Amino acid sequence: VQLQASGGGLVQPGGSLRLSCAASGSIFSRNTMGWYRQAPGKEREWVARMSSGGNTDYADSVKGRFTISRDGAANTLYLRMNSLQSEDTAIYYCNFVPPYYPWGQGTLVTVSS
């Protein structure tokens, strides 16, 4: 299985982005998957997760602003990020929950004016 995150970029505070995580196989409907991030100088942290049954959960810091979703047919996991703040600046990764799979390169999100 390969997990490739994409969709990052530079966005102004208050803006939005949608991240995508493409898998090489049909794994999302059979596993709990999540988004993680690592800000400069900080440890990687969990951001959001979706169970195989479709239940979602979010870190308090992003609750109400971020939405995790998936397209099983396309083998793609998404993270919609609204009302972005400078504190959201980080490299974002997708992985299983818990994250036992090797980390990919991630996608960089920079929130700055």
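Computed from a predicted structure; not experimentally measured. As a basis for the values below, the full set of heavy atoms in this structure was taken, side chains included, without hydrogen atoms, waters or symmetry mates.
Under the 4.5 Å side-chain criterion, counting only non-hydrogen atoms from C-beta, W35 is in contact with L19. Counting heavy atoms from C-beta outward, L3 and I27 have side chains that approach closer than 4.5 Å.
The stretch residues 94-113 participates, sequence neighbours left out, in no salt bridge (charged side-chain N to carboxylate O under 4.0 Å, His left out) pair at all. Evaluation of the disulfide (SG to SG under 2.5 Å) test over residues 55-113, restricted to residues two or more places apart or in two chains, returns C21-C94. The salt bridge (charged side-chain N to carboxylate O under 4.0 Å, His left out) analysis of residues 23-39, with sequence neighbours excluded, yields the pairs R37-E45, R37-D88.
In this structure, the ring pair (Phe, Tyr, Trp, His ring centres under 6.0 Å) partners of Y93, at least two apart in sequence or on a different chain, are W103. Under the rule for a salt bridge (Lys or Arg N to Asp or Glu O under 4.0 Å), the partners of K63 that lie at least two apart in sequence or sit in another chain are D60. Every residue was checked against the salt bridge (Lys or Arg N to Asp or Glu O under 4.0 Å) condition with E87, not counting sequence neighbours, and none meets it. D57 is linked by a salt bridge (Lys or Arg N to Asp or Glu O under 4.0 Å) to R49, counting only residues two or more places apart in sequence or in another chain. With sequence neighbours left out, the side chain to side chain contact (heavy atoms under 4.5 Å, CB included) criterion links A39 to K42, A90.
Looking at every heavy atom in both residues, Y58 comes nearest to T67 through OH-CA, 3.4 Å. In plain terms, the two heavy atoms of V11 and G15 that are nearest each other are CG2-CA, 3.7 Å. Q105 approaches I91 most closely through the heavy-atom pair O-CG2, 3.7 Å. Of all non-hydrogen atoms in I68 and M33, the two that sit nearest each other are CD1-O, 4.0 Å. Nearest approach of F96 to Y36, heavy atoms of both residues: O-OH, 2.8 Å.
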Show the atom names and distances, to 0.1 Å, of all donor-acceptor pairs under 3.5 Å that link a side chain in residues 106-113 to residues at least two apart or in another chain.
unit_1	atom_1	unit_2	atom_2	d
T107	OG1	G8	N	2.9

Donor-acceptor pairs are to be reported for all side-chain atoms of residues 69-80 against protein atoms at under 3.5 Å, with residues two or more places apart or in another chain.
unit_1	atom_1	unit_2	atom_2	d
R70	NH1	F28	O	3.2
R70	NH1	S51	O	2.8
R70	NH1	S52	O	3.4
R70	NH2	S52	O	2.8
D71	OD1	A73	N	3.1
D71	OD1	A74	N	3.1
N75	OD1	S26	OG	3.3
T76	OG1	A74	O	2.9
R80	NE	N82	OD1	3.1

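Between F66 atom CZ and L17 atom CG the span is 9.0 Å, to the nearest 0.5 Å.
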